[in-house]
Amino acid sequence: MAKILSVVSKASLGRVVQPVAAALLRAGVSPNAVTVAGTVGVLVGALGFAARGHLVIALVIITVSCLTDMLDGTMARLRGVTNKFGALLDSSMDRIADGAIFGSVAYYFATRDDLRGVAAALLCLVAGQAVSYVKARAEGLGMTANVGLIERSERLIILGIGGLLWGFDVRYGLEVVLWILGVLSIVTVAQRMVTVHRQANEQADRQTDQQAGVS
Ligand SMILES: CCCCCCCC/C=C\CCCCCCCC(=O)OC[C@H](COP(=O)(O)O[C@@H]1[C@H](O)[C@H](OP(=O)(O)O)[C@@H](O)[C@H](O)[C@H]1O)OC(=O)CCCCCCC/C=C\CCCCCCCC
Ligand SMILES: Nc1ccn([C@@H]2O[C@H](COP(=O)(O)O)[C@@H](O)[C@H]2O)c(=O)n1
Ligand SMILES: [Mg+2]
Ligand SMILES: [Mg+2]
C-alpha cells in the first residue's frame, strides 16, 4: 500500500513539486531551510490549532506543511547534492512533527475529559515513532526494513480522514480512526521486526559458514 501511494503520489505531485523546488533554489532557499520551515508549520498547526480543538484549520496547515517534505528532497536532488545531514535533519524533523501532531490530538481529547481518545492518540504516537525507529535502527545496523502496511504518509492521511470526519461532525470517527491507525502501526512494527529478524539470521548463518570454512 505504501509503495503504491508513494509511486502514484510522487508521479502526480512531482509535476507540481519540481517547478516549485526549482523556483525556491533560484531564490536562494536551501533544502534544509525548507525542512525546518515545514516543521515549524506543523508545530503551528498542531500546537496552535489542533490542541485547541480547531482540527479543520489544523488539518489544512499541517497538510500544506507536510507536503513541503517532498520539496526538500526534490530541491536537494535538483541541486545534485543530497547530503547525509539533510537526510538526518529530514527524518528527525519528521519525528518532532509527528510527536507534535499526535501529542496535540491527545491534549485536545484530554481537554474534553475523553480518556479513551487520549489513549488512542498516545498509542498512535508511540507506535508510529516505533515504526520509524525500527527502520532507522535496522539501517544503522546495515540492514533494511523498508516494508510494512503503513508508512508515514499513510499514517498522516489516515489521521487526516479522522480530522475530516470530526469536521463533518462525525465526532466519534476521529477516535475510531485513531484506534485503527494504532493497530495498523503495531502490525507495521511487527512486519519490520520480522524482516530484520530474517536478515539478522541470514547474516549470522553466513558468519557461521565462514567460520566453519576457516577452521
Ligand atoms: C486531527 C487533525 C490533525 C491534523 C492531521 C493532519 C493530517 C494531514 C493529512 C494529510 C497530509 C498528508 C501529507 C503527507 C506528506 C508526507 C510527506 C512525506 O513523508 O514525504 C516523504 C515521502 C517519503 O519519502 P522518504 O521515504 O524519504 O520518507 C521517509 C519515510 O516516510 C519514513 O517513513 P516511516 O519509516 O516512518 O514509515 C519516515 O520515517 C522518514 O522520516 C521519511 O523521511 O514522500 C512520498 O513519496 C510520500 C508522498 C505522499 C504524498 C501524499 C500526498 C497526499 C496529499 C494530500 C492528502 C490529504 C488527505 C486528507 C484526507 C483526505 C481524505 C479523503
Ligand atoms: N534538507 C534535506 C532534505 C532531504 N535531503 C535528501 O532527500 C532525501 C529525502 O527526500 P524526500 O523527497 O523524501 O524528502 C533524504 O534522504 C536526503 O538524501 C537532503 O539532502 N536535504
Ligand atoms: Mg523530505
Ligand atoms: Mg521528511
Side-chain angles (χ1 to χ4, degrees), residues 2-14 16-17 21 29-39 42 45-46 49-51 53-98 100-106 108-109 117 121 124 127-139 144-168 173-175 177-178 181 185 188-189 191-192:
K3 297 290 162 274
I4 295 169
L5 174 65
S6 177
V7 170
V8 172
S9 55
K10 269 193 173 162
S12 49
L13 289 175
V16 181
V17 169
V29 179
S30 74
N32 289 353
V34 171
T35 306
V36 173
T39 308
V42 172
F49 293 91
H54 305 297
L55 297 195
V56 176
I57 303 173
L59 187 92
V60 174
I61 296 174
I62 294 171
T63 300
V64 172
S65 304
C66 282
L67 287 174
T68 63
D69 202 352
M70 297 183 74
L71 260 183
D72 52 7
T74 308
M75 287 170 72
R77 284 184 288 275
L78 279 179
R79 207 167 58 171
V81 192
T82 56
N83 97 25
K84 284 188 179 172
F85 176 73
L88 182 132
L89 182 72
D90 187 318
S91 292
S92 305
M93 290 294 127
D94 288 347
R95 302 293 76 78
I96 291 169
D98 293 353
I101 293 171
F102 288 100
S104 296
V105 174
Y108 164 65
F109 277 121
C124 292
Q129 300 279 1
V131 168
S132 309
Y133 178 77
V134 173
K135 182 161 95 180
R137 186 78 175 112
E139 287 172 356
T144 56
N146 210 7
V147 297
L149 269 181
I150 49 167
E151 287 189 349
R152 181 168 186 251
S153 1
E154 283 86 352
R155 295 199 293 278
L156 291 174
I157 288 169
I158 291 171
L159 176 64
I161 291 169
L164 281 180
L165 287 172
W166 186 94
F168 283 111
L174 177 57
E175 193 184 315
V177 161
L178 283 171
L181 179 55
S185 299
T188 306
V189 171
Q191 288 176 304
R192 290 186 171 186

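Numbering of ligands and ligand atoms starts at 1, following listing order. Any value given below was found using the heavy atoms of this structure, including those in side chains, with hydrogens, waters and symmetry copies removed. Computed from a predicted structure; not experimentally measured.
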Undergrad: Do V36 and L89 touch side chain to side chain, with heavy atoms closer than 4.5 Å?
TA: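 Side-chain contact under 4.5 Å: yes.
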
Undergrad: Hey, are the side chains of L178 and L159 touching, using non-hydrogen atoms and a 4.5 Å cut-off?
TA: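 They are in side-chain contact.
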
Undergrad: If I take atom CG from residue L174 and atom CG from residue L181, how far apart are they, to the nearest 0.5 angstrom?
TA: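 The CG atom of L181 is 10.5 Å from CG of L174, to the nearest 0.5 Å.
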
Undergrad: My understanding is that we take every heavy atom of each candidate and find the minimum distance to atom 13 (O) of ligand 2. Doing that for V81, D69, L88, which one comes out nearest?
TA: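 When every heavy atom of V81, D69, L88 is considered, D69 comes closest to atom 13 (O) of ligand 2.
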
Undergrad: For ligand 2, does R77 get within less than 4.0 Å through its side chain, its backbone, both, or neither, judged by non-hydrogen atoms?
TA: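 Answer for R77: side chain.
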
Undergrad: So, do V60 and F49 sit near enough that their side-chain heavy atoms are less than 4.5 Å apart?
TA: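 In short, these two side chains do not touch, never coming nearer than 4.5 Å.
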
Undergrad: List ligand 2 atoms under 4.0 Å from N32, heavy atoms only on the residue side.
TA: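 Selected atoms, number and element: 1 (N), 2 (C), 21 (N).
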
Undergrad: Give the numbers and elements of all ligand 2 atoms closer than 4.0 Å to a heavy atom of T35.
TA: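 Answer for ligand 2: 1 (N), 2 (C), 3 (C).
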
Undergrad: Is there a side-chain contact between K135 and S91, using heavy atoms and a 4.5 Å cut-off?
TA: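 K135 does not reach S91 side chain to side chain.
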
Undergrad: Using side-chain heavy atoms (C-beta onward) and a distance below 4.5 Å, is W166 in contact with V177?
TA: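 Not in contact.
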
Undergrad: Judged on heavy-atom distance to atom 21 (N) of ligand 2, which of S30, G38, G86 sits nearest?
TA: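 Among S30, G38, G86, the closest heavy atom to atom 21 (N) of ligand 2 comes from G86.
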
Undergrad: Applying a 4.0 Å heavy-atom criterion (strictly less than), which segment of S91 is in contact with ligand 1: side chain, backbone, both, or neither?
TA: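 Both parts.
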
Undergrad: Below 4.0 Å, non-hydrogen atoms only: which portion of D90 touches ligand 1? Side chain, backbone, both or neither.
TA: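 It is the side chain that touches ligand 1; the backbone stays farther off.
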
Undergrad: What pairs meet the side chain to side chain donor-acceptor pair (under 3.5 Å) rule with one or both residues in residues 60-71, with sequence neighbours excluded?
TA: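 As it turns out, the side chain to side chain donor-acceptor pair (under 3.5 Å) pairs with a partner in residues 60-71, which skip direct neighbours, are D69-R152.
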
Undergrad: So is M75 close enough to ligand 2, meaning a heavy atom under 4.0 angstrom away?
TA: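 M75 does not count as a contact of ligand 2 under the 4.0 Å cut-off.
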
Undergrad: Taking only heavy atoms of N83, which atoms of ligand 2 are found under 4.0 Å from at least one of them?
TA: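 Close to N83: 20 (O).
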
Undergrad: For a 4.5 angstrom cut-off between non-hydrogen side-chain atoms, does L71 reach V17?
TA: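 SC-SC contact between L71 and V17 confirmed.
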
Undergrad: Any idea which atoms of ligand 1 are less than 4.0 Å away from a heavy-atom of L159?
TA: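 Here the atoms of ligand 1 in question are 5 (C).
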
Undergrad: Answer yes or no: are there more than 12 heavy-atom neighbours, outside R137 itself, under 6.0 Å from its atom CZ?
TA: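 Not buried by this count: 12 neighbours or fewer within 6.0 Å.
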
Undergrad: Tell me which one of R192, R95, E151 gets a heavy atom nearest to atom 39 (O) of ligand 1.
TA: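 Among R192, R95, E151, the closest heavy atom to atom 39 (O) of ligand 1 comes from R95.
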
Undergrad: Can N146 and E151 be said to form a side chain to side chain contact (heavy atoms under 4.5 Å, CB included), step by step?
TA: CA-CA 9 Å; N146 210 7; E151 287 189 349; 3.3 Å; yes

Undergrad: With a heavy-atom distance limit of 4.0 Å, tell me whether K135 approaches ligand 1 through its side chain, its backbone, both, or neither.
TA: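 It is the side chain that gets close, since no backbone atom is under 4.0 Å.
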
Undergrad: The Mg ion (ligand 4) as vertex, arms to OD2 of D94 and OD2 of D69: angle to 10°?
TA: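 It is 100°, given to the nearest 10°.
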
Undergrad: Below 4.0 angstrom from a heavy atom of A76, which ligand 2 atoms are there? Numbered from 1 as shown, please.
TA: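 Close to A76: 5 (N), 19 (C), 20 (O).
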
Undergrad: So does D90 have any N/O/S atom less than 2.8 Å away from the Mg ion (ligand 4)?
TA: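 Checking the Mg ion (ligand 4) against D90, an N, O or S atom does fall under 2.8 Å.
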
Undergrad: Working to the nearest 0.5 Å, report the span between CD of E154 and OG of S185.
TA: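 Going from the CD atom of E154 to the OG atom of S185 covers 10.5 Å.
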
Undergrad: Pairs of nitrogen or oxygen atoms closer than 3.5 Å, one from R155 and one from ligand 1: do any exist?
TA: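 Among all N and O atoms of R155, at least one is under 3.5 Å from an N or O of ligand 1.
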
Undergrad: If you measure from atom 36 (O) of ligand 1 to every heavy atom of S153, A97, S132, which option wins on shortest distance?
TA: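 Of the listed residues, S132 has the closest heavy atom.
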
Undergrad: Do T188 side-chain atoms and I150 backbone N/O form a donor-acceptor pair below 3.5 Å?
TA: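 Flag set: sc T188 to bb I150 pair under 3.5 Å.
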
Undergrad: Before signing off on this row, confirm whether T82 and ligand 2 have an N or O atom pair separated by under 3.5 Å.
TA: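 There is no such contact.
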
Undergrad: Going by heavy-atom distance to atom 10 (C) of ligand 1, choose the closest among T74, L165, T63, T188.
TA: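 Of the listed residues, T63 has the closest heavy atom.
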
Undergrad: Please identify which atoms of ligand 1 are closer than 4.0 Å to at least one heavy atom of D94.
TA: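 Near D94, the atoms of ligand 1 are 40 (C), 41 (O), 42 (C), 43 (O).
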
